[in-house]
Number of protein chains: 2
Amino acid sequence: MRSDYARTLGETGVRQVLFGILSVISVNPGVSQGSVARALGIQRPNMVALVNELVGRGLVARHVDATDRRAFALNLTEMGAAAVGEALARIRVHEERILRDLTADERRLLIRLLDRIGANDD
Amino acid sequence: MRSDYARTLGETGVRQVLFGILSVISVNPGVSQGSVARALGIQRPNMVALVNELVGRGLVARHVDATDRRAFALNLTEMGAAAVGEALARIRVHEERILRDLTADERRLLIRLLDRIGANDD
DNA sequence: TATTGTTATACTCTATAACTATA
DNA sequence: TATAGTTATAGAGTATAACAATA
């Protein structure tokens with residue numbers, strides 16, 4: 001399932017890590033690089049190249065934070081927002097393909113059962 | 001869930017890959033290195049170090065195959081069989097912990113729903 | 001003194017090409 | 001000629017230590 005997910009995004013050139021970063025920025029505009037790293041469990045040293053890649057591809061804008069001149073505030077560019085939109089659309093297609101044999105009720109039931117497992121994943 | 005699984009096995013020193021290899025050998029005694037690699041999606045060059053590690057730790061015995069002198073026939077040693085047994089016991093504990101809130105009926109239902117997804121993971 | 005981003009670095013995992021010995 | 005195991009190697013992904021600038 002994860003490899004299908006990766007293939008789904010792979011065609012866009014936006015890998016899973018990059019999509020994760022874009023998503024966090026999308027929901028938290030102006031978030032700092034370190035906060036994104038913490039949110040996703042990425043080591044800060046490894047964030048540098050990832051953010052560089054996103055900036056280099058014109059998907060993310062990086063500005064010195066006004067209130068803390070050590071930090072970079074990250075925002076999506078127009079292209080970045082469009083990339084997130086396309087990735088989400090592809091993910092929806094992927095999910096629909098994966099779940100095509102389940103009724104709406106069965107999908108809800110499956111999610112409820114998985115939630116009750118997740119609560120014990122400690 | 002996968003990280004919990006890895007932690008469960010991690011304490012034994014038998015990583016997930018190694019457990020996979022031991023399992024295949026356990027069910028197919030005398031199987032060749034290449035067959036195990038194909039079964040698990042491991043590149044044959046990468047199998048070499050893995051099998052070396054298992055042989056070095058006394059878990060696997062490697063003999064030239066009688067009918068094809070190019071191939072190695074792999075078998076579990078007594079220690080290897082014991083390691084598989086302990087790993088399986090730990091996996092059962094892990095699964096019981098993960099599934100502790102589900103009744104037997106709910107577990108069967110969950111597995112049936114997941115099976116119907118797996119059929120579409122193409 | 002602590003934190004942000006960074007560099008340098010190392011270790012694991014994985015992937016490919018090319019060799020050898022057998023078939 | 002094809003296949004089994006091997007070597008060398010390269011590329012991701014991920015981890016830690018140490019530094020400069022700022023808090």
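Reckoned from all heavy atoms, side chains included, excluding hydrogens, waters and symmetry mates. Chain identifiers are assigned alphabetically (A, B, ...) following the order of the sequence lines, protein sequences preceding nucleic acid strands; residue numbering begins at 1 within each chain.
- If you measure from atom CG of A/Leu50 to atom P of D/dA15, you get 12 Å, rounded to the nearest angstrom.
- For A/Gln16 and D/dG13, the shortest distance from a side-chain N or O to OP1 or OP2 is not below 4.0 Å.
- Summarising the geometry, atom CD1 belonging to B/Ile111 is positioned 12.5 Å from atom CD belonging to B/Glu106; distances are rounded to the nearest 0.5 Å.
- The side chain of B/Gln43 lies closest to C/dT16, out of D/dT6, C/dG5, C/dT16.
- Here A/Glu53 pairs with A/Arg57 in a salt bridge; the nearest charged N to carboxylate O distance falls below 4.0 Å.
- The phosphate of D/dT14 has neither OP1 nor OP2 within less than 4.0 Å of any side-chain N or O from A/Arg44.
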> Which string of ( ) [ ] | and . matches DNA chain D, if you list each base 5' to 3' and count Watson-Crick or G-U pairs only when both distances are under 3.5 Å?
Replying inline: |||||||||||||||||||||||
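- One distance of note links CG of B/Leu76 with CD1 of B/Ile21; it measures 11.5 Å at 0.5 Å rounding.
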> Where along nucleotides 17-23 of chain C does protein come under 4.0 Å, by heavy atom, of base (B) or sugar-phosphate alone (S), with - for untouched nucleotides?
Replying inline: B---BBS
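- One atom, CG of A/Asp65, and another, P of D/dA23, lie 9 Å apart when rounded to the nearest Å.
- To the nearest angstrom, C1' of C/dG5 lies 17 Å from NE2 of A/His63.
- Rounding to whole angstrom units, CD1 of residue B/Ile21 and P of D/dG5 are separated by 12 Å.
- Here D/dT14 presents its P atom at 8 Å from CD1 of A/Ile42, a figure rounded to the nearest Å.
- Comment: B/Glu96 does not engage B/Arg90 in a salt bridge, judged by the lack of any side-chain N to carboxylate O separation of less than 4.0 angstrom.
- A salt bridge links B/Arg108 with B/Asp105: at least one charged nitrogen is closer than 4.0 Å to a carboxylate oxygen.
- Each of B/Arg38 and B/Asn46 lies near DNA chain D, and the nucleotide nearest B/Arg38 is the one positioned closer to the 5' end.
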